[in-house]
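First up is the structure itself, then whatever we jot down about it.
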Amino acid sequence: MQTLKEMKPGDTVHVVKLHGQGPTRRRIMDMGITKGTELFVRKVAPLGDPIEVNVRGYELSVHKSDAEMIEVI
């Protein structure tokens with residue numbers, strides 16, 4: 001299982017599954033990250049937090065803890 005947290009700048013991935021429960025999972029889905037969505041990793045901060053991605057035509061910064069919950073392929 002690979003997560004968004006493990007991806008490097010320039011990678012294009014697809015969301016396979018969202019882990020997590022309740023409000024955290026809902027917040028991730030509200031950002032437009034749902035099963036089947038394509039994500040392009042633009043930048044990763046030097047310490048790994050946050051991760052900047054392009055999703056559905058806009059730029060989004062995701063915390064490392066949230067990126068761990070996003071399973072990708």
Side-chain angles (χ1 to χ4, degrees):
M1 174 183 93
Q2 289 185 314
T3 63
L4 182 59
K5 177 183 170 185
E6 301 164 6
M7 299 298 104
K8 305 290 182 221
D11 289 347
T12 299
V13 296
H14 289 85
V15 177
V16 175
K17 185 176 182 180
L18 295 177
H19 299 279
Q21 301 278 325
T24 305
R25 182 183 170 110
R26 171 50 58 200
R27 185 169 38 86
I28 292 170
M29 292 175 71
D30 288 345
M31 289 188 274
I33 300 174
T34 57
K35 183 177 178 181
T37 304
E38 182 178 276
L39 305 174
F40 174 73
V41 181
R42 291 199 54 216
K43 293 186 225 175
V44 178
L47 297 176
D49 195 20
I51 300 168
E52 190 174 304
V53 297
N54 280 6
V55 56
R56 298 180 189 256
Y58 66 94
E59 295 175 6
L60 177 68
S61 292
V62 179
H63 286 285
K64 190 167 41 173
S65 60
D66 292 339
E68 284 181 310
M69 298 180 198
I70 303 169
E71 185 177 336
V72 296
I73 187 167

Can you give me the closest heavy-atom contact between [X] and [Y], atom names plus distance?
| X | Y | result |
| --- | --- | --- |
| Gly20 | Met69 | CA-SD, 4.1 Å |
| Thr3 | Ala67 | CB-O, 3.7 Å |
| Lys5 | Ile51 | CA-CD1, 3.8 Å |
| Thr34 | Arg56 | OG1-NH2, 2.8 Å |
| Leu4 | Val72 | N-CG2, 4.0 Å |
| Lys64 | Asp49 | N-OD1, 2.8 Å |

Practice task
Take atom CZ of Arg26 as the centre, draw a 6.0 Å sphere, and report whether it contains more than 12 heavy atoms from other residues, nucleotides or ligands.
Solution key: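 Open: at most 12 neighbouring heavy atoms sit under 6.0 Å from CZ of Arg26.
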Exercise for the section: Apply side chain to side chain contact (heavy atoms under 4.5 Å, CB included) to Lys17 and list each qualifying residue two or more places apart in sequence or on a separate chain. Expected result: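 Once residues adjacent in sequence are excluded, the partners of Lys17 under the side chain to side chain contact (heavy atoms under 4.5 Å, CB included) criterion are His19, Glu71.
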Exercise for the section: May I ask whether Val16 and Val55 are part of the same hydrophobic cluster, defined by side-chain heavy atoms of I, L, V, M, F, W, Y residues being less than 4.5 angstrom apart, directly or through others? Expected result: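 Cluster IDs for Val16 and Val55 differ.
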Problem - Within one Ile-Leu-Val-Met-Phe-Trp-Tyr cluster: Leu18 and Leu60, side-chain cutoff 4.5 Å - result: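 They do share one cluster, since a chain of ILVMFWY contacts under 4.5 Å joins Leu18 to Leu60.
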Practice task
For the pair Asp11 (side chain) and Val41 (backbone), establish whether a donor and an acceptor sit closer than 3.5 Å, ignoring hydrogens and angles.
Solution key: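 The answer is no, because no donor-acceptor pair under 3.5 Å joins these two groups.
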Exercise for the section: Could you walk me through whether Ile33 and Val62 pass the side chain to side chain contact (heavy atoms under 4.5 Å, CB included) test, one step at a time? Expected result: CA-CA 10 Å; Ile33 300 174; Val62 179; 4.3 Å; yes
Handout entry: Spacing of Glu6 atom CD and Glu68 atom CD [to the nearest 0.5 Å]
Key =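 It comes to 9.0 Å.
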Practice task
Could you please spell out the steps behind the side chain to side chain contact (heavy atoms under 4.5 Å, CB included) verdict for Met7 and Leu39?
Solution key: CA-CA 10 Å; Met7 299 298 104; Leu39 305 174; over 6 Å; no
